[in-house]
Amino acid sequence: MKEELLSLIKKYKIPLTDLNKEVLVDEELLEEAAIFLDAPTTAPFAFPGFIFKFLEGTALENDERKLEAVTSEYGVPGELWEPPKVPLRDETIFLEPDYRYARDVLAHSLIAFPKRMVSVTRESVLLSLIAEPGWREYSPITVIASLFYEVNDAFRVETQKFFPPGKSSMGMAFLSLKRPYPRAEGFLHFLKNLFTQRKKKVKIGGVESDKRVDQMDPEELLELFETTFSG
């Protein structure tokens with residue numbers, strides 16, 4: 001797998017420095033991802049920022065050379081995209097985002113409501129999927145994932161499973177959809193604004209509550225959003 005990746009880098013003249021995060025090359029883990037996603041083929045390894053939509057077979061990449069490499073080698077259609085947003089399609093997603101956009105790409109992928117998702121990212125980002133109120137990692141990602149998804153598994157992956165090996169701890173998560181939410185984009189925007197003052201107590205109807213933003217359960221935050229924007 002590592003040798004195949006190196007040949008693609010050479011063939012399509014992709015600078016090694018463009019691999020600015022670790023790229024998963026472990027075939028066993030990729031096979032597990034493909035089985036979970038019920039993919040018609042085994043999961044391909046990914047360039048940073050690459051999202052592979054298995055059901056429609058569409059490759060999305062924010063770099064022309066990497067897009068050409070993926071579409072040419074795997075024989076799938078592709079398109080350039082602008083991070084952090086992803087197309088809102090009801091599909092399965094294998095996600096390995098560029099570390100610079102990881103949180104936003106993961107958040108926007110979640111509100112695309114794929115039926116299944118496999119996410120490979122920095123462990124610090126991955127922890128946001130499973131955090132509890134009061135944790136440092138508790139964030140809008142936590143709230144969306146908790147309310148609308150089942151996190152089937154989340155675990156640390158050893159650095160030797162990636163190329164090039166990085167210094168940051170990496171993780172992998174398997175998610176399945178519980179239910180979509182029609183106002184998800186507005187809810188995400190609301191949460192992002194709210195969490196900029198995560199240590200402050202929430203005001204409900206102009207009255208300060210006894211809880212800080214980062215201490216409120218996901219259900220309470222959803223109720224606050226729906227009450228605030230009931231019209």
Side-chain angles (χ1 to χ4, degrees), residues 1-84 86-87 89 91-102 105-106 109 112 114-126 152-175:
M1 190 70 76
K2 176 181 174 182
E3 288 71 22
E4 185 180 351
L5 179 57
L6 281 169
S7 68
L8 285 182
I9 291 170
K10 182 178 179 181
K11 181 177 178 180
Y12 294 94
K13 297 180 174 60
I14 299 168
L16 188 58
T17 52
D18 277 9
L19 303 186
N20 48 25
K21 63 169 277 295
E22 301 85 343
V23 180
L24 183 64
V25 293
D26 184 271
E27 295 187 40
E28 186 176 336
L29 287 177
L30 290 170
E31 181 66 27
E32 287 183 25
I35 292 170
F36 176 77
L37 294 172
D38 192 24
T41 59
T42 56
F45 56 81
F47 290 117
F50 171 61
I51 302 174
F52 191 89
K53 309 275 192 166
F54 285 98
L55 294 186
E56 290 186 5
T58 302
L60 304 177
E61 181 55 74
N62 62 327
D63 178 272
E64 289 185 2
R65 285 172 298 188
K66 286 183 278 188
L67 179 64
E68 182 187 0
V70 170
T71 55
S72 298
E73 297 299 320
Y74 296 115
V76 297
E79 58 186 85
L80 289 171
W81 64 288
E82 291 294 329
V86 297
R89 301 171 183 161
E91 308 173 19
T92 61
I93 296 178
F94 178 84
L95 178 66
E96 191 173 8
D98 185 311
Y99 78 97
R100 294 170 297 180
Y101 317 113
V105 169
L106 179 56
S109 296
K115 294 175 183 175
R116 300 182 189 90
M117 179 192 297
V118 174
S119 178
V120 179
T121 187
R122 299 290 172 101
E123 188 178 30
S124 57
V125 178
L126 186 75
N152 304 102
D153 203 359
F155 51 91
R156 176 182 286 180
V157 181
E158 296 90 346
T159 55
Q160 66 264 30
K161 305 290 187 182
F162 296 89
F163 175 78
K167 297 178 181 179
S168 300
S169 297
M170 297 289 289
M172 193 168 185
F174 294 72
L175 298 88

With rounding to the nearest 0.5 Å, note down the distance linking CZ in F163 to CG in L16. 5.5 Å

Minimal non-hydrogen separation, V125 against L106, with atom names: CG1-CD2, 3.9 Å

By side chain to side chain contact (heavy atoms under 4.5 Å, CB included) - contacts of K11 (at least two apart): E73

At their closest point, which heavy atom of L60 faces which heavy atom of E79, and how far apart are they? CD2-CG, 2.9 Å

Rounded to the nearest 0.5 Å, the CD atom of E27 sits from the CD atom of E32 at a distance of 13.0 Å

Measuring only between side-chain heavy atoms, which start at C-beta, is V120 closer than 4.5 Å to V157? no

T92 and D38: side chain to side chain contact (heavy atoms under 4.5 Å, CB included), yes or no, with the steps? CA-CA 8 Å; T92 61; D38 192 24; over 6 Å; no

For the student: nearest non-hydrogen atoms of T159 and S168, plus distance: CG2-O, 4.3 Å

Test F162 against L24 for side chain to side chain contact (heavy atoms under 4.5 Å, CB included), laying out the working first. CA-CA 4 Å; F162 296 89; L24 183 64; 3.8 Å; yes

Nearest 0.5 Å, please: how far is CG in N62 from CZ in R100? 7.0 Å

When rounded to the nearest 0.5 angstrom, what is the spacing between NZ in K2 and CD in E4? 14.0 Å

Heavy atoms, side chains only, cut-off 4.5 Å: are K66 and V70 in contact? no

Decide if atom CD of E82 counts as having more than 12 heavy atoms of other residues, nucleotides or ligands within a radius under 6.0 Å. no

Neighbour count >12 (heavy atoms, 6.0 Å) for atom CD, E28: no

Indicate the ring-plane relationship of F155 and F174, choosing parallel, tilted or perpendicular according to the 30° and 60° boundaries. parallel

Under 3.5 Å donor-acceptor, T71 side chain and E68 backbone: yes

From M1 atom CE to L29 atom CG, the distance as rounded to the nearest 0.5 Å: 10.5 Å

Which heavy-atom pair separates R122 from M170 by the least distance, and what is that distance? CD-SD, 3.4 Å

Quick one: does R116's side chain have a donor or acceptor within less than 3.5 Å of a partner on F36's backbone? yes

Listed by chain and number, what are the side chain to side chain contact (heavy atoms under 4.5 Å, CB included) partners of A173, not counting sequence neighbours? L126, L129, A154, L175

Is R65 reaching over with its side chain to a backbone N or O of K13, donor-acceptor style, under 3.5 angstrom? yes

Taking all atoms of both residues into account, what is the closest heavy-atom pair of I14 and I9, and its distance? O-CG2, 2.7 Å

When rounded to the nearest 0.5 Å, the distance separating CD of E91 from CG of L37 is 11.5 Å

For the student: nearest non-hydrogen atoms of S109 and P114, plus distance: O-CD, 3.3 Å

